[in-house]
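Below, read A as the first sequence line, B as the second, and so on, with proteins coming before strands; counting in each chain starts at 1.
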Amino acid sequence: MTAAQLFALSPLAALAIGAVIAMLLAPVTQSAAAARIAAATGLAVAALLEILRAGVPPAPIGALFTDDGLARYGTAYAALFGLAALVFLRVAGVAKEAPALVALVALGAASLTGAGHAATLFLGLELISLSLIALFAFPLTGMALEASYKFLVMSGLATAAQLLGVALIYAETGALDFPGWVGHGPLFALGTALLLAGLAFKFSLAPFHMWTPDAFQGAPAGAAALAGVVSKAAVAIAILRLNSEAQLPQPLWSAGLATLGAASVLVGNVLALRQQLLPRMLGYSTIAHSGYIAMILASGAPGTSEAVLFYLGIYAPALTATLCASAMLGPAPMLEDLRGLARKRPLEATSLSVGLLSLAGLPVAGGFVAKLYLFKALVQSESWILLAIAMVGAALGFYYYIRFFTAPFFGHGGIEPAPRHRFDRLLLIFCFGLIMLFGFEPLVLITAVNSALAVR
Amino acid sequence: MTGTALTGMMIVAAGLFATGVFGVLARRGILFQLIALEVALSGPALAFIAAGAYHGDAEGQGMFVLVLTLAAAEVAVGLALFLRIRRSKGSDDSDAVSGLKG
Amino acid sequence: MALIALLLLPMFGGFAAYFLGSRRDADRWVSIASLAATLAILIVTVAGGDDGRWLAKVDLPWVPSFGISINFALDGLSAALIGIAAGLGIIGVMASWHEIKVDSGLFHACLCWTVSATIGVFLSFDLLVFAFFWEAQLIPSFMLIAVWGHGAKESAALKFLIFNAVAGFGLLAGVFGLASMADTMTFNAFTLAELKLSTPMQVWLLLGFSLAFLVKLSVPPFHAWLPDAHTLAPTAGSILLAGLLLKTGAYGLFRFSPMLFPDGLLVLAPYGIALGAAGALYGGVVACGQTDAKRLVAYTSVAHMCIVLMGVAAGVEYALAGAVVEMVAHSFSASALFLLIGALYERTQTRDLRELGGLQQSAPKFAAAFALFCSALLALPGTANFVGEALVVVGIFQVNWPFALLALSTLIVSVVYGTRLLKGVTFGAASPAVVRDLGWREIATVLTLAAGTIAVGLYPQSVIGLVGPALKAALVPHLP
Amino acid sequence: MASLLPFVPVSALLGFVLLALVPLRLRRGVVIGVGVGAAIVPALLMLPVGIVCVGGACETGAVVTILTIHVGQLAAQIAMSLDPLSVVAGITVAVVGALVMIYAGAYMSEEPVGDLRRFFAYMNLFLAGMLAVVLAADVLLLFLGWETIGLCSFFLIAYYTKRPKAVAAGTKALVTTRVADTMLLAGLMLLFLATGTTRFDGMLAGVGSIDAWHLAPIAGLIAIGALGKSAQIPFHTWLPSAMAGPTPVSALLHSATMVAAGVILLVRLAPLFAAVPEISACVAVLGLATAMLAALAALLQTDVKKLLAFSTMSQIGFMVLALGIGAPAAALAHFAIHAVFKSLLFLSAGIMSHGAHGDTGIEALRGSRRRQPLAFWTFAIGAAALAGLPLVTAGWYSKEAMLGAVLSSGLWGVPLWALAVAAVVLTGTYSFRVVFVAAGRGPDKSIAPWEGLAVWAPLVALAVLAVLSGFLVDALIRFDGGTPSELPWIATLLGAAAPLAGVALARHLVVYPQLLDQLRAKLRHRKVFRIDSLYYFILVRGFRKLSQVMAGPGGEQAIAPVLEAPPIDVVKLVAGDPIGRALVASATRLVKAVVAAFDPDRIDLLWMRFARALGRAWEHVHRIQTGRVRDQSLGLALGFAGLLLFAWGTSWR
């Protein structure tokens with residue numbers, strides 16, 4: 001292993017070590033803080049290392065793991081927003097193992113983004129799934145158990161399908177690494193279909209989306225953030241890599257992805273229309289946004305990867321801010337509970353509203369430019385039906401986002417939010433700043449994305 | 001291993017997977033659903049072995065070992081959840097766990 | 001740089017008003033100061049502007065990778081509309097001196113932000129920045145209605161927002177379609193204007209653009225948001241909605257449809273005129289049936305805006321001049337009527353024509369003001385409304401005369417609703433007994449608006465001269 | 001001299017601005033002083049212009065431009081012209097206006113100060129508007145004045161704002177005249193587009209170049225516009241109900257000046273109508289028909305003000321007849337004379353009814369010869385001039401000039417002349433019927449006769465004018481470029497005998513009043529009058545069923561209270577006018593049906609139903625999220641199946 005290869009794998013190592021130390025400390029020390037600090041340092045070091053390696057030329061590590069711009073962006077993204085989720089993953093009586101699991105999810109996501117081989121793809125996916133199952137169940141309340149059990153059963157089925165898909169492809173092509181997947185037999189097509197199904201489940205696309213709203217409602221907000229932001233981004237980058245490296249049967253792969261995307265945009269937005277519960281509404285809105293990202297991936301327009309990475313960059317702070325704010329309003333904040341929040345807690349109200357504004361795609365926040373990328377990709381690929389569905393989705397989405405966006409400013413009598421921790425305030429300000437920055441000066445994120453993509 | 005044998009094995013693997021999925025859909029017991037999940041996972045395991053044999057390289061068996069570890073981990077977490085749900089809900093019927101809806 | 005100042009001054013005025021709060025009316029004076037400063041800068045730029053096609057231009061890159069740049073340009077038409085926007089902003093602040101008490105800092109901030117976003121729309125020549133301000137305008141005006149309105153204000157505000165935002169997405173799709181046609185992706189309106197597109201493509205893109213313009217112009221069948229939004233908004237909100245937002249729709253139609261899609265406009269012109277004529281008649285007839293005074297004026301705005309649509313669709317020199325004068329006239333008369341009805345509502349707590357009446361006895365000055373602006377409403381010659389409508393109708397006579405007769409019939413309908421409003425409010429026995437007459441502040445605002453209406457009415461050359469070069473650019477070359 | 005013209009209406013305009021828009025508190029004396037003073041100044045300014053013009057200095061038709069508007073390549077000039085028509089009409093309007101205002105100063109002095117101020121403001125604005133119409137040399141100024149006088153008539157008719165009948169009459173007047181105004185606007189626009197200029201002289205010069213196919217509609221539209229303002233047949237319903245306004249308003253607006261604005265416009269555009277003989281023929285026939293029917297209706301009236309309203313309609317019918325057959329100069333002369341004696345009649349009738357406690361019924365005026373001697377004798381002189389008693393009154397000369405023109409106008413001249421003479425007889429009857437009733441003995445209501453210089457001076461001045469101005473008629477016609485027609489002596493003799501026969505018939509009817517009631521009853525069943533009941537049953541009854549269906553139950557209530565009130569009152573107002581009653585009923589039915597149909601703004605309801613449908617869709621869709629693990633995994637399984645099928649389908653190639 002040359003020094004360059006070691007340096008390439010160092011962020012993953014940092015994450016792994018952090019997780020192991022957190023696991024070891026948990027039973028030994030009394031205070032839960034020690035494990036949190038260990039996991040946090042692991043995540044922070046990984047993120048720092050990734051940013052430091054920005055300029056370094058890619059080191060060839062072999063088939064299992066490819067160290068290129070996509071992987072680096074993915075790892076940094078996973079570490080950063082894993083850390084953010086860890087900050088507000090605070091549930092009464094949480095066991096001391098939670099921080100370790102967060103680090104494991106980040107590790108899984110990092111390995112998934114770098115996966116060049118079916119094995120690492122499978123390992124990454126399973127690391128994320130199993131840790132999320134445990135994280136969902138932690139509050140040990142009825143709802144949490146239900147959410148985690150449902151996620152367990154369905155992710156088991158999806159993984160089985162994905163494995164069968166890979167096996168079929170392996171049987172046809174004889175290769176397990178992505179570049180080797182070339183061919184056009186029936187087995188290859190069936191395998192790709194099952195692979196797409198497995199990935200679509202983790203990406204919470206339409207027919208496989210059932211777990212997301214329950215997870216967002218039942219699980220602790222931090223776990224939901226991990227599932228909604230970190231795991232979704234990793235899967236998106238994996239699909240991006242599949243698009244570029246593997247020659248999957250074309251009419252099936254992109255048309256399938258487009259259909260699933262369009263379905264999830266419609267289902268996500270329609271189901272969220274009259275939702276009263278904030279987390280459940282956010283669950284449906286992540287389904288809609290996965291639909292938009294799937295549309296960009298399926299459009300095959302020239303700047304797809306730049307568009308996807310930019311969209312993920314905008315989407316993450318918005319969802320984190322809204323989930324953090326909703327975590328503070330108690331286990332199941334309703335629309336009425338938000339009334340008059342602006343007077344009591346201005347920071348939460350503004351960050352929630354700005355986050356929703358960005359998710360809705362209104363001009364002031366970053367979401368507007370993200371929607372520009374979406375429209376640009378769809379228009380350049382002449383896929384007019386997708387454009388129409390995206391517009392209808394945006395219009396429907398507009399309705400339920402604005403209901404929650406305006407609630408804090410009118411009326412009064414909402415619930416009294418929980419006392420705020422120091423780090424939460426910091427996180428909210430960080431996310432608020434990120435959203436407004438990308439809104440007024442999107443150049444910052446675009447240059448970051450392009451420099452990452454430049455590393456081939 | 002000839003091509004026809006491969007397709008035969010693949011059909012058996014697909015059959016196993018299908019029974020597993022059907023098992024999850026049909027039976028309401030949590031325990032039975034976990035068992036059905038195991039059956040579903042065994043499908044791809046067989047498929048990997050067959051593909052590896054057909055192409056004559058050990059990667060297939062490597063993947064098989066990975067699938068086994070996943071199955072084991074999955075069952076462990078599943079049983080832990082099963083115990084916790086039985087204590088809090090008092091029944092091992094998966095419909096008892098359907099509060100989140102709408 | 002003056003153009004950037006035009007845009008940023010009201011915005012900062014808004015922030016200042018929000019932070020200063022309502023101690024000793026600090027927020028009101030700050031917003032008036034910032035809007036007055038904007039007017040001053042505008043007058044200086046117009047006076048000092050070079051007499052070429054553009055009075056002033058500025059072009060700074062914003063997102064080069066997309067080809068988006070802050071490309072502001074000021075000509076006669078934008079100068080007139082920005083002047084009206086700032087002026088109506090000041091009048092809005094003065095009109096809500098007593099009406100807005102609860103968190104008036106945020107109110108004045110939203111008011112100034114709406115004005116600044118509208119100025120952004122009138123200035124920007126980069127299609128994406130145009131779409132940006134087009135959507136950014138909605139949020140503060142939404143807040144104006146939703147927080148300080150009356151009655152079912154939230155649902156009216158939501159209806160307004162959804163109508164316009166969805167149309168805004170149509171505009172975005174159109175803008176993107178057009179921008180992707182250029183070989184290098186650019187949103188600069190001037191380069192896109194040189195693009196020679198095939199006629200069917202032009203028609204499709206124009207439909208996308210005009211969806212947004214028609215919704216904001218509130219032409220039936222897209223007008224459903226206007227009556228609720230106008231009726232339930234506070235006085236200043238209605239003034240801004242009528243004076244500013246409707247004008248952005250008209251401005252967009254006037255500026256971009258002939259500039260970017262001349263052949264498309266040629267194909268869609270007859271449908272435009274037909275829709276305008278039918279819309280004007282529909283608005284007028286529904287206005288006659290209304291019992292709420294403010295709702296009646298709202299429907300008249302629908303009718304007047306349809307006349308502007310007819311003017312632009314006709315594309316002839318007279319019709320375009322008429323459309324511009326009609327825009328200016330409508331700003332004056334609609335905001336004055338909203339002001340008066342708002343003041344009446346403050347005093348009598350009712351807007352129902354069947355209960356009002358008898359202003360003649362108790363408040364002669366009020367009745368005189370109503371008489372003047374109701375005669376403006378029914379397009380009495382000598383007021384700007386008549387000049388606008390007459391020029392539009394003359395223009396349409398040149399294009400095709402059956403529609404012109406239909407357009408003329410709106411003049412008859414305008415008399416019916418004009419007299420209904422006047423009768424309902426001033427004549428008859430004085431039902432709400434004592435009505436305080438107009439205060440000095442209200443008289444000042446009403447007199448300025450009256451002066452504007454009569455001045456443009458008797459000497460329309462002031463407006464047509466200022467807008468001359470913009471007219472020539474908007475001519476559709478199908479008629480001499 | 002021409003440069004003086006623009007200043008003539010300015011003083012009246014200043015009067016309006018001072019009284020209406022300046023927010024000062026003015027005392028009653030000041031209000032009356034300003035109001036009357038501002039109205040007299042135009043007359044003082046017009047007199048020197050008239051004298052200079054008579055001296056032959058203004059045949060040139062000098063034009064003074066006030067301001068120009070550049071729209072594209074067009075330079076529209078707003079201008080006033082100094083030609084015989086504008087001078088004659090200008091002087092008439094100014095003089096009659098001044099006299100009526102002086103009278104109004106006294107007549108309206110008991111009104112509250114607020115209303116008085118509003119009254120004088122609108123009267124001054126009207127005077128300014130009328131002068132603008134008369135002096136205008138271009139279309140823009142003409143239409144500006146045209147609409148202003150229309151609006152002022154609305155405000156003045158609805159002066160008694162507390163009476164719903166007056167307000168309804170005002171609205172009806174404004175809406176009906178507005179319909180005609182839009183036709184006029186359309187005509188003028190087409191003419192402008194055809195000739196390319198807004199100046200009258202430029203337009204008339206360009207008339208020759210327009211092909212007949214275009215000229216006919218233009219002339220037709222302008223004719224309808226003009227006749228609408230002058231309350232001819234199809235548009236006449238508003239004039240009788242306009243009598244709800246105060247007497248000076250009826251005297252100035254609805255008898256002398258405003259209703260004649262249409263005639264003045266037709267005189268100014270005479271060359272245009274000369275070029276289109278068919279349209280002029282229709283106009284002539286319409287004029288004659290109005291004259292005959294209005295005279296007949298006037299006969300049946302029981303209210304003096306309504307009688308005078310119908311008589312105005314018939315006199316204008318004569319002028320329109322003269323215009324139709326191509327004698328604008330005679331029509332203009334009759335306009336001037338008619339303005340004088342008709343305002344005299346109104347003013348004196350006003351005083352007589354004042355003497356009878358404000359009751360304007362003809363029976364109530366009985367015995368006012370003793371109560372109001374001055375008013376009675378001036379009324380008698382006015383009636384004589386109206387009937388056109390030979391040699392003595394000015395009315396005869398102008399009527400003779402017109403009848404002469406009718407006689408010598410081609411082959412249809414003689415029958416037209418005969419019908420016109422019949423109308424003259426009727427005119428004589430209805431005018432002198434009032435005089436004889438007033439002369440009879442009646443209960444002296446012991447009210448002090450109404451004296452005072454402000455009342456006395458206008459009456460005497462108008463009476464003198466009504467008698468002496470006859471000699472000016474020939475000079476007036478020659479002055480306007482027309483040639484007084486030489487009549488065979490038989491025609492002049494018959495022309496003279498007609499009024500006398502009328503007077504005799506009036507005497508007979510007053511002595512045997514029951515004759516009139518039989519006539520009234522008989523007429524109601526005559527074929528010519530039953531058409532209105534048929535018309536009523538077919539049109540209005542059918543229409544009411546249709547409107548019920550269209551408006552639907554919901555639509556009716558919203559505007560019922562507003563529209564319900566006027567139709568009944570207005571219809572009662574127009575006693576004895578069968579066609580008018582049917583027209584008004586169907587018009588209000590139409591408006592109610594159309595407005596009601598759109599009242600709840602159907603498009604708005606459509607959008608709301610769409611929004612509710614979305615809500616209901618959500619109700620159904622969100623139920624598929626059952627929450628049970630089995631169903632959710634079923635979603636998963638269906639997803640697998642779908643994708644596999646899709647893969648199987650696409651893998652054939």
Residues B:Gln33, A:Tyr149; criterion side-chain hydrogen bond (donor to acceptor under 3.5 Å, both in side chains); working and verdict: CA-CA 11 Å; B:Gln33 283 184 336; A:Tyr149 174 70; 2.3 Å; yes

Taking the six-membered ring where the residue is Trp, are the ring centres of A:Tyr170 and B:His55 under 6.0 Å apart?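 Between A:Tyr170 and B:His55, the centre distance is under 6.0 Å.
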
Select one option (side chain, backbone, both, neither) describing which atoms of [X] are under 4.5 Å from chain A's heavy atoms.
X       : result
B:Leu66 : both
B:Leu34 : side chain
B:Phe48 : both
B:Val24 : side chain

Within the side chain of [X], is there an N or O that forms a donor-acceptor pair under 3.5 Å with the backbone of [Y]?
X        : Y        : value
A:Ser204 : A:Ala200 : no
A:Thr120 : A:Leu64  : yes
A:Trp181 : A:Leu248 : no
A:Thr66  : A:Gly114 : yes

Return the orientation label for the A:Trp211 and A:Phe201 ring planes: parallel under 30°, perpendicular over 60°, tilted otherwise.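 Tilted.
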
Pairs of heavy atoms under 4.5 Å with chain B: top-ranked of A:Leu176, A:Leu187, A:Val153, A:Leu194: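 Heavy-atom pair counts peak at A:Leu176.
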
Considering only heavy atoms, give the residues of residues 57-65 of chain B separated from chain A by less than 4.5 Å, sorted numerically, with 'none' for an empty result.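 If one takes a 4.5 Å heavy-atom cut-off, the residues of residues 57-65 of chain B near chain A are B:Asp57, B:Glu59, B:Gly60, B:Met63.
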
Carboxylate-amine/guanidinium contact B:Arg86 B:Asp92, below 4.0 Å: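 Result for this pair is no, no salt bridge flagged.
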
Picking from [options], which has the most non-hydrogen pairs under 4.5 angstrom with chain A?
options                           : value
B:Thr7, B:Leu41, B:Val67, B:Leu70 : B:Leu70
B:Leu37, B:Leu46, B:Val21         : B:Leu37
B:Thr69, B:Leu6, B:Ile30, B:Val77 : B:Ile30
B:Ser88, B:Gly52, B:Ala80         : B:Gly52

Heavy-atom proximity to chain B below 4.5 Å, by part of [X]:
X        : answer
A:Ala119 : both
A:Ala134 : neither
A:Ile133 : side chain
A:Leu130 : side chain

Residue list, side-chain contact (heavy atoms from CB on, under 4.5 Å) with A:Leu140, at least two apart or on another chain: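 By the side-chain contact (heavy atoms from CB on, under 4.5 Å) rule, A:Leu140 matches A:Leu145, B:Arg84.
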
About how many Å separate CG of A:Leu278 and CG of A:Leu282, when rounded to the nearest 0.5 Å?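 It comes to 4.5 Å.
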
Distance (rounded to the nearest 0.5 Å) between A:Phe208 CZ and A:Leu196 CG: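 If we round to the nearest 0.5 Å, A:Phe208:CZ and A:Leu196:CG are 7.0 Å apart.
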
State, with a plain yes or no, whether a side-chain heavy atom of A:Leu152 is found less than 4.5 Å away from one of A:Phe136.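 With C-beta onward as the side chain, the pair stays apart.
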
